[in-house]
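Given the structure is predicted, the values throughout are model-derived calculations rather than measurements. The sequence lines fix the lettering, A, B, ..., with proteins before strands; numbering per chain opens at 1.
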Amino acid sequence: MLDAVLKSMPHDLNPAQRDAVNTLSGPMLVLAGAGTGKTRVVTYRIAELIKHRAPPERILAVTFTNKAAGEMQERTAELLGKRRNGAQRPEISTFHSLCVRILRRHIVKLGYPAQFAIYDRGDQESVARAALRDIKVPNAVLRPGDLLAIVSRWKTASIRPPEAASLAQSDKEHLAAMAYRRYQKALKSAGAVDFDDLLLCTEELFAKSPDARAAEAARFSHLLVDEYQDTNGAQYRIIKALAEKHRNLCVVGDDDQSIYGWRGAEVTHILRFQHDWPEAKVVRLEENYRSTDAILAMANRLIAYNRHRHDKVLRAIRTGGEPPRILQYSDESSEAKEVVEEINSQIFRRLAEPRDFAILFRTNEQPRAFEQELRRAKLPYTLIGGMSFYDRKEVRDVLAYCRVLTHPRDEVSLMRIINTPARGIGAKAVELLLERAVSQARPLWEVLGEAAEVAGLPAAAIDAVGTFRKLVEGHRRRLEREPPSQVVSDLIHTVRYQDEINRQYKEPADQLARWSSVEEVVNALAGYQQRAKSPTLAGFLDDVALAGRDEQDDKESKLARNAIVLMTLHSAKGLEYSQVYLVGMEEGLLPHSRSVAAEGSAIDEERRLCYVGVTRAKDKLTLTLSLSRNKWGKPRDTTPSRFLFELLGKADNPEALRKKKQRPA
DNA sequence: GCACTGACCGTTTTT
DNA sequence: CGGTCAGTGC
């Protein structure tokens, strides 16, 4: 029966792990250090729950990234074995997709359309720009990006425009509060939410509608939360609302790996767990199976410099190992060159494979030099993050076309494509139409139907607007019967988007690259169509907004791909590599200058970031720094990171390190 | 309506 | 250095 398909629990779990896996009811806090088999424990726990007759579909596991969710899905699927078709699986999703699903069912109660759009970073910037223009704040005083940062900070603390206005202290914050009000109004009238709203609206929904809250909470009997140290206020309250009744809540986290404080995550949540759930069982996982003793000793020395933390010491199961190296170079190009050279020679001598290596850095501008060298050396590599596929202009255009089809109230998307490619609806015409929309407080799309009544609009423009409306409406109707990918592909051809690309870019190589991204979007849509249970264009857009890139299709190629990985320290959390190069170990970079300037505990978070980097390494760790680094085109001298001294236990005596480090690059 | 030019200016991390 | 933006000229 069921038990027969479930893989039995392995015998090599240590007592603490076994304890965490076997405790199936009531609240539990698992304090799991880096490399202590956390994922293993979580997945076996899910399997164990099912073995003890918990209906799989009533188990919910929440993760913070899509990657983590995907991995957990795969591993649990493995444990559950091949189950007959239609067998329910546990629900494993990110916080944000969980909220989307909840909001789909209830958001009308908050005054949004059921078919709301999710605005990503680029869309948010457009709205922010318009809000600032409205209140006549010049770019020099407050840029859209700055506004978004402030607004996001407010939102993650569940502060809404009225509170923000009274909380604002500096001039900048007062302006931001005014812009925030307009920003939020614009989102709502466009029927859209941003990333923070997904959490905030869910929280608000639960507060305003006890029925919705009870219904959502009743869907699950067991709740697991991974990376609990990264929960922000809204997430914390959502979890509480969902688990309060059944109390079968298991959270897993490591306060030493809390690196999202800037996003509203509060370590206090993990430190406070026992207070909120007094009957909670606490399990500590302190045996590290990942790194050699040499690497772990360094990590322990480093993190000990942080004051506020759950006191714990990771014990290495793997003894010995090569001592980590610190290498310094004269500038960032030789840093990149030498690191790549070292990797190359190991691969050439068959001592290692590309997939054994990770190059980790603090900021997204750092990988450039490494990419160059890797290309030159003809080594396969994957760059995680950075400029996303979905940030490309032409991709955004195509997605905007899709959103105009599915979300008639979405103004940002409509504005983006209303004259792209140029179709005779120029800036002046758009301005007049927009004026009418704003003065009548109606969606721009509706106003397009009355173009003839707009004073000052030339006949040619009225015609153009009419043609555009027919075009969109025609394709909207087709969407009811035909597969989305067909409709979208036709729409792109009808508007002659390829001609637009060829006009904009002179180089044939550019033209080809740009057009192939357009094709890739259509392919992604077709792929989604095939795997989704009930595919809709709107569903695809949700996927894109939440997943960033098409993880499903990537899965095979990504896993199969034997490539060196380049990524930020933030993206590296939860992953492990045989050999890690932690590059750019300099003051100003790690710790980042912004954190050095900020008062309070910003440095502690940078230290945790460094700790995360160090503990990614299984066998070999190399820390590098460059004595000079280009900034705005000019080379500038650097200072070795304070963390290097701490790692070596020489924090009080920097001179000693300088002598010791004469080792040549 | 659109392409081109030169001045200006900034540094983080992500769902 | 590289991206953005206002201003200019067709």
### Task
Starting from P on B:dC4, measure out to CZ on A:Arg503 and report it in whole angstrom.
10 Å
### Query
So, does A:Gln229 use its side chain to make a donor-acceptor pair with the main chain of A:Asp254 at under 3.5 Å?
yes
### Task
Name the residue closer to the 5' end of DNA chain B, choosing between A:His592 and A:Ile425 according to the nucleotide with the nearest heavy atom.
A:Ile425
### Task
In whole angstrom, give the distance that lies between atom CZ of A:Arg594 and atom P of B:dT14.
15 Å
#### Entry: Check: B:dT15 base within 3.5 Å donor-acceptor of A:His96 side chain
yes
### Message
Using a heavy-atom cut-off of 4.0 Å across all strands, would you classify A:Arg368 as base, sugar-phosphate, or nothing?
### Response
sugar-phosphate
#### Entry: Contact under 4.0 Å: A:Asn364 side-chain N or O vs B:dT14 OP1/OP2
yes
### Task
Provide, to the nearest angstrom, the distance between the NZ atom belonging to A:Lys573 and the P atom belonging to B:dT15.
11 Å
### Query
Stacking here means centres under 5.5 Å and planes under 30°; does A:Phe64 stack on B:dT15?
no
### Query
Which whole-number value in Å describes the distance from A:Leu148 CG to B:dT14 P?
16 Å
### Query
Closest to the A:Arg143 side chain: B:dG10, B:dT14, B:dT13?
B:dG10
### Message
If we check side chain to side chain donor-acceptor pair (under 3.5 Å) with A:Arg362, which of these qualifies: A:Glu606, A:His592, A:Glu586?
### Response
A:Glu606
### Task
Mind calculating the distance between CD (A:Glu587) and P (B:dT12) to the nearest angstrom?
17 Å
### Message
Ring-plane angle category for A:Tyr180 and A:Trp154, please: parallel below 30°, perpendicular beyond 60°, tilted otherwise.
### Response
parallel
#### Entry: Side-chain N,O (A:Ser571) to OP1/OP2 (B:dT14) below 4.0 Å
yes
### Message
Side chain of A:Phe195 only, heavy atoms from C-beta on: which candidate in B:dT14, B:dC2, B:dT15 is closest?
### Response
B:dT15
### Query
When you check the phosphate oxygens OP1 and OP2 of B:dT14, does a side-chain N or O of A:Thr568 lie under 4.0 Å from one of them?
yes
### Summary
Against the side chain of A:Thr65, the closest entry in B:dT13, B:dC2, B:dT15 is B:dT15
#### Entry: For atom CG of A:Leu103 and atom P of B:dT15, their distance in whole Å
19 Å
### Task
Indicate, with a heavy-atom threshold strictly under 4.0 Å, whether A:Lys631 touches base, sugar-phosphate, or nothing.
base
### Side-chain donor-acceptor contact under 3.5 Å, A:Gln184 with A:Asp197
yes
### Message
Using a heavy-atom cut-off of 4.0 Å across all strands, would you classify A:Phe95 as base, sugar-phosphate, or nothing?
### Response
nothing
### Task
Report the distance from atom NZ of A:Lys634 to atom P of B:dG10, rounded to the nearest whole Å.
15 Å
### Query
To the nearest angstrom, how far is A:Ile603 atom CD1 from B:dT13 atom P?
17 Å
#### Entry: Upstream residue (5' side of DNA chain B) when A:Tyr260 and A:Ala422 are each assigned their closest nucleotide
A:Ala422
### Query
Quick one: does A:Ser258's side chain have a donor or acceptor within less than 3.5 Å of a partner on A:Asp255's backbone?
no
#### Entry: Whole-angstrom distance between B:dT13 and C:dT4, as gauged at atom P
15 Å
### Message
Just by distance, no angles: are the side chains of A:Asp543 and A:Tyr528 close enough, under 3.5 Å, to form a donor-acceptor pair?
### Response
no
